[in-house]
Amino acid sequence: MHRHQFETYLDKVFDFPSRVAGLPDGRSYSYHSAKKVFDAIFFASACQFGPVHRIETECKMGALRRRIGPLSEDAIGYTLERQDPDAIFALGCTLAQQLKRNQVLHSTWSRGLVVAAADGIEICSSFARCCSRCMERTVKHKVGEELREDIQYYHRISVVSIVSSSFPILWVSAFKKRARTKWPALWLCCRI
């Protein structure tokens, strides 16, 4: 299998494959390895493939077909739902520390400071499908010509991106159902 420069760099500088393989897997039964699912999400994000359905399509017959192989969106969801978010966050922090040591985050315009941009976004909203971590709200919406009031399930995430480097580095944190803080993006910045 041909390895792209990006994968070679990740392996050489960060020992990325073994770090990902070392992430805990919270599943009792698994057909696909947690590393395979993580790689699918990671490389799909690097290729800017947005929704999980697109990732499934790319794994079956697109850009990730040879690199990852067939992987259903249900398998991705099942794995991610049982993944330890703190372990993934710790991996991101370890990689950021290595980037800082290698002076990748250094820039002239920020005068030695690391500059971050923070935002929040709602993803995966649905009136039908939900999981135990979904937030919910009552929404009025039009179905045909009729105005209906239904419960909408959704996830809310905070995103912090390091923007003072030559390429952006991203951290994502999901809101909990009953978040303790009103400003999760600020909380995420402080943890980084």
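Note that the structure is predicted; figures quoted are calculated from it, not measured. Hydrogens, waters and symmetry mates are skipped; everything else that's a heavy atom, side chains included, is used.
Here the side chain of R137 pairs no donor or acceptor atom with the backbone of I151 at under 3.5 angstrom.
I41 contributes atom CD1, which lies 10.0 Å from atom CD of Q83 (distance to the nearest 0.5 angstrom). Atom SG of C59 is separated from atom CZ of F43 by 11.0 Å, given to the nearest 0.5 angstrom. Note that the CZ atom of R148 and the NZ atom of K140 stand 14.0 Å from one another [nearest 0.5 Å]. Distance check: L80 CG to R27 CZ gives 9.5 Å after rounding to the nearest 0.5 Å.
Pairs engaging residues 118-154 under the ring-ring contact (aromatic ring centres under 6.0 Å, His included) rule: F127-H141 [sequence neighbours left out].
Not a single side chain to side chain contact (heavy atoms under 4.5 Å, CB included) links E145 to another residue, sequence neighbours left out. In this structure S33 satisfies the side chain to side chain contact (heavy atoms under 4.5 Å, CB included) test together with K35, K36, sequence neighbours excluded. Residues satisfying the ring-ring contact (aromatic ring centres under 6.0 Å, His included) criterion with F49, sequence neighbours excluded, are absent altogether. Residues that satisfy the salt bridge (charged side-chain N to carboxylate O under 4.0 Å, His left out) test with R82, not counting sequence neighbours, are absent from this structure. For the ring-ring contact (aromatic ring centres under 6.0 Å, His included) test, no residue two or more places apart in sequence or in another chain qualifies with Y78. When the side chain to side chain contact (heavy atoms under 4.5 Å, CB included) test is applied to E81, the partners found at least two apart in sequence or on another chain are C131. S18 meets the side chain to side chain donor-acceptor pair (under 3.5 Å) test with D15; sequence neighbours excluded.
F38 is listed as a side-chain neighbour of L91, based on a closest heavy-atom distance under 4.5 Å. Residues F16 and Y9 fail the side-chain proximity criterion, which asks for heavy atoms closer than 4.5 Å.
Smallest separation of non-hydrogen atoms from D39 and R67: OD2-NH2, 3.6 Å. Contact detail for A40 and L71: the closest heavy-atom pair is CB-CD2, 3.6 Å. Annotation for A34 and T79: closest pair CA-CG2, 4.3 Å, computed over non-hydrogen atoms.
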Quick one: side chains of residues 50-57, donor-acceptor pairs under 3.5 Å with protein atoms, not counting sequence neighbours, listed by atom name and distance.
unit_1 : atom_1 : unit_2 : atom_2 : d
H53    : ND1    : E73    : OE2    : 2.8
R54    : NE     : E58    : OE2    : 3.0
R54    : NH2    : E58    : OE2    : 3.3
E56    : OE2    : K60    : NZ     : 3.3
T57    : OG1    : H53    : O      : 3.0

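Chaining together hydrophobic side chains whose heavy atoms lie under 4.5 Å apart leaves L147 on its own. Residue V143 shares its hydrophobic cluster (ILVMFWY side chains chained together at separations under 4.5 Å) with no other residue. In the hydrophobic clustering, where aliphatic and aromatic side chains (Ile, Leu, Val, Met, Phe, Trp, Tyr) are joined below 4.5 Å either directly or transitively, M61 stands alone.
Residue-environment remark: CZ (F42) exceeds the threshold of 12 foreign heavy atoms within 6.0 Å.
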